[in-house]
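These figures come from a predicted structure and were not determined experimentally. Order of the sequence lines fixes the chain letters, A, B, ..., with proteins taken first and strands second; residue numbering starts at 1 for each chain.
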Amino acid sequence: MADKKTVITLVCERAADLNSLLDKNESIVGMPDVHVVKFPCSGMIQPLMIEAALKAGAGGVIVCGCQIGDCYYREGNKMIRDRLLGERPPGLKKAVDRRRVMALWLSRMQKQRFLSEAKEFVTQMAKLDQEESTAKAAS
Amino acid sequence: MTSSVKNETNNNWLKQVYNQFIEAANKLTLAIEDGINTAITSKYNPFYYHGALPQFYLWVLFLSGLLLFAYYVPTIDNAYLSNRLINAWTSVQYITNSLPFGGVIRGIHRYSGDAMVLFIFLHAIRVWFTDRYRQYRWIQWATGVILLLMVLFIGQTGYYLVWDERSLLLTRMTVSALDALPIIGAPLKAWFLNGDTITNLTLSNFLFIHIGLSFALLFVLWLHYVRMTRPVITPPPAVNFILVAAILLIVFLVPISSGNMANLNTQPNTYDVDWFFLFNYWLMAHMPMSVFWISMTALAVGATILPWFVKTVSPPVTPAEVVINKCTGCSLCYRDCPYQAIEMVPAPAGSRFKLLATVNVPRCSSCGICVGACAFDAIDLPQLPDATVLTQIKSLAEVK
Amino acid sequence: MIKGIKDIVILILAALCLIVSLVFMPWSELNFTGNFPGWLSGVMGHFGVNKFFADLATHNKLMELVTPKDVQTNLGDYAYSLFLFVAMTASAIAIVLIGKEDDSEKTVLEAKK
């Protein structure tokens with residue numbers, strides 16, 4: 001594991017309550033590589049932002065909205081879910097590595113679920129990085 | 001000077017208590033919903049269809065009411081037409097005891113009405129606790145209060161139609177309540193009774209109010225949904241099954257029956273109170289009529305204008321702004337806006353495109369869903385421009 | 001095809017729904033008798049269904065369960081509503097068990113080719 005890549009979390013501020021988990025660099029306590037960017041609603045997240053994060057060198061992107069069916073603004077989380085799945089424009093570009101994007105739909109009280117999912121995602125991304133670097137070295 | 005300061009602190013104290021209450025209530029709602037989510041997942045969580053539940057019962061009521069309407073005779077007596085007494089009460093008896101499944105359908109009609117009121121209250125309480133009734137949603141709240149009042153009144157007229165002793169008592173209580181009103185009291189009473197006294201015409205008027213207002217509900221429901229893009233008005237089938245099944249069980253456990261036939265020469269004085277519909281008659285019987293009317297009016301008006309008095313700490317709404325020279329008129333934001341706050345207008349002369357998105361400011365909730373829908377950076381929240389977000393994301397991604 | 005308790009529960013609920021709607025609902029609709037209408041009576045008699053229906057009504061426990069209180073007429077109609085409740089509840093629970101996705105809180109994107 002050479003240089004560890006970061007994971008960007010794009011989160012709705014009404015979904016899983018991450019405020020108590022943040023250190024002063026806006027990353028999760030105990031997981032310094034997981035950074036958090038807050039939005040008023042997960043529906044505001046553009047697929048473009050996910051592409052930009054991956055392009056700039058992020059190892060992965062976690063999108064986190066409220067439970068499906070419970071958007072404060074009625075249907076923001078359904079919108080971003082459908083956009084990620086390619087069922088609603090604008091979608092992700094074809095070149096984007098889908099394995100590096102994960103979406104979670106968690107209510108305000110489910111921060112433990114977020115932590116465990118994020119931890120798993122980070123190790124998964126590290127594995128993916130390693131695979132890719134060995135593949136590169138082999139070729 | 002001092003008194004105003006004192007007022008201020010008083011206000012702050014009240015505000016704090018209110019905010020704490022709402023916060024606790026919000027947490028409770030979330031906890032209940034989380035429990036349901038773990039059991040049956042968000043797809044079937046009835047709390048995520050809370051507005052659709054009363055709407056579903058409205059269809060049940062329309063269907064069951066259609067059958068009752070086919071056999072109901074809206075008169076007090078038909079002495080001039082036949083030797084055998086056929087009136088409202090006997091027709092309801094016929095429906096209940098002789099018509100195949102008549103008693104069950106009558107029970108479904110009655111209990112669905114109760115369930116509708118119950119779920120309307122749940123709906124109102126949830127939007128209150130989750131703070132989803134103010135600002136850009138005021139029209140939903142105000143029409144909701146009107147809908148509730150209409151549903152309550154429709155339910156009460158349903159109780160008059162049975163024409164047993166309770167119906168007679170309720171009719172007389174309503175007449176005396178209307179009589180107590182100044183100026184508009186007398187004409188209202190004449191409208192209500194369809195004349196000066198209780199006659200055959202009175203019951204046909206009740207039937208007309210009951211059914212006519214029910215259809216008027218559809219009009220107010222249109223206002224209730226008018227700014228909602230894709231309103232959720234049907235629960236998933238499995239939830240519908242449970243909703244109907246619950247009614248069927250209650251119909252079996254507590255079958256509906258009428259009291260004795262109303263007799264205009266007697267004055268009944270006790271009756272069973274249906275707490276979903278008839279609580280105001282209970283109040284009427286326990287306080288002076290003036291107090292009753294003043295408190296009822298205050299309650300209704302207070303509930304309607306509640307959204308304008310509640311100011312909590314949630315961020316103020318700053319409407320989204322269209323970047324005119326970037327907008328291509330593709331309509332994606334217009335389609336995705338959950339509050340129909342974006343309108344597509346003809347683009348200004350000289351533009352390369354046909355249409356231009358514009359924000360209807362009073363409807364905007366500043367949720368940013370339009371920003372997520374825009375592939376051209378052409379719409380922005382002033383307090384959180386997407387260029388800023390993109391820079392932040394890029395710098396975080398590069399951090400080593 | 002059957003894996004785990006969930007599928008067994010679904011099958012039991014489906015069977016319950018079928019039995020209730022094929023046996024108990026017609027039975028209560030005939031007012032707890034085996035008196036099918038004429039055009040149907042021959043067929044049902046051939047299968048011994050009307051005798052089976054008549055026998056059902058001799059079970060006191062069952063009759064006590066399905067007879068509503070405070071009602072004198074159309075007892076079968078109310079029992080029908082009870083059985084419809086059982087059938088609908090069973091099917092609703094089965095539908096929820098089938099339809100709920102195991103992980104509705106997580107969306108993993110499939111790789112594009």
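At most 12 heavy atoms of other shown residues, nucleotides or ligands fall within 6.0 angstrom of atom NZ in K55(A). No more than 12 heavy atoms of other residues, nucleotides or ligands lie within 6.0 Å of NZ in K51(C), so this atom counts as exposed by the packing criterion. Counting non-hydrogen atoms of other residues, nucleotides and ligands closer than 6.0 Å to CD of E87(A) gives a total above 12.
Residue with the most contacts toward chain C among R99(A), R81(A), Q67(A), R100(A): Q67(A) (heavy-atom pairs, distance under 4.5 Å).
Within the 4.5 Å cutoff, the side chain of R98(A) has no heavy atoms near those of the E110(C) side chain. Between L85(A) and T107(C) there is a side-chain heavy-atom pair separated by less than 4.5 Å.
Only the side chain of R113(A) comes within contact range of chain C, with at least one heavy atom under 4.5 Å from a heavy atom of that chain.
The salt bridge (Lys or Arg N to Asp or Glu O under 4.0 Å) analysis of residues 34-45 of chain A, with sequence neighbours excluded, yields no pairs. The ring pair (Phe, Tyr, Trp, His ring centres under 6.0 Å) analysis of residues 66-108 of chain C, with sequence neighbours excluded, yields the pairs F101(B)-Y80(C), F24(C)-F83(C).
Taking CG from L109(C) and CD1 from I50(A), the interatomic distance works out to 8.0 Å, rounded to the nearest 0.5 Å.
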Legend entry - Candidate pair E105(C) and Q110(A), rule side-chain contact (heavy atoms from CB on, under 4.5 Å), full reasoning: CA-CA 10 Å; E105(C) 291 170 357; Q110(A) 290 176 295; 3.2 Å; yes
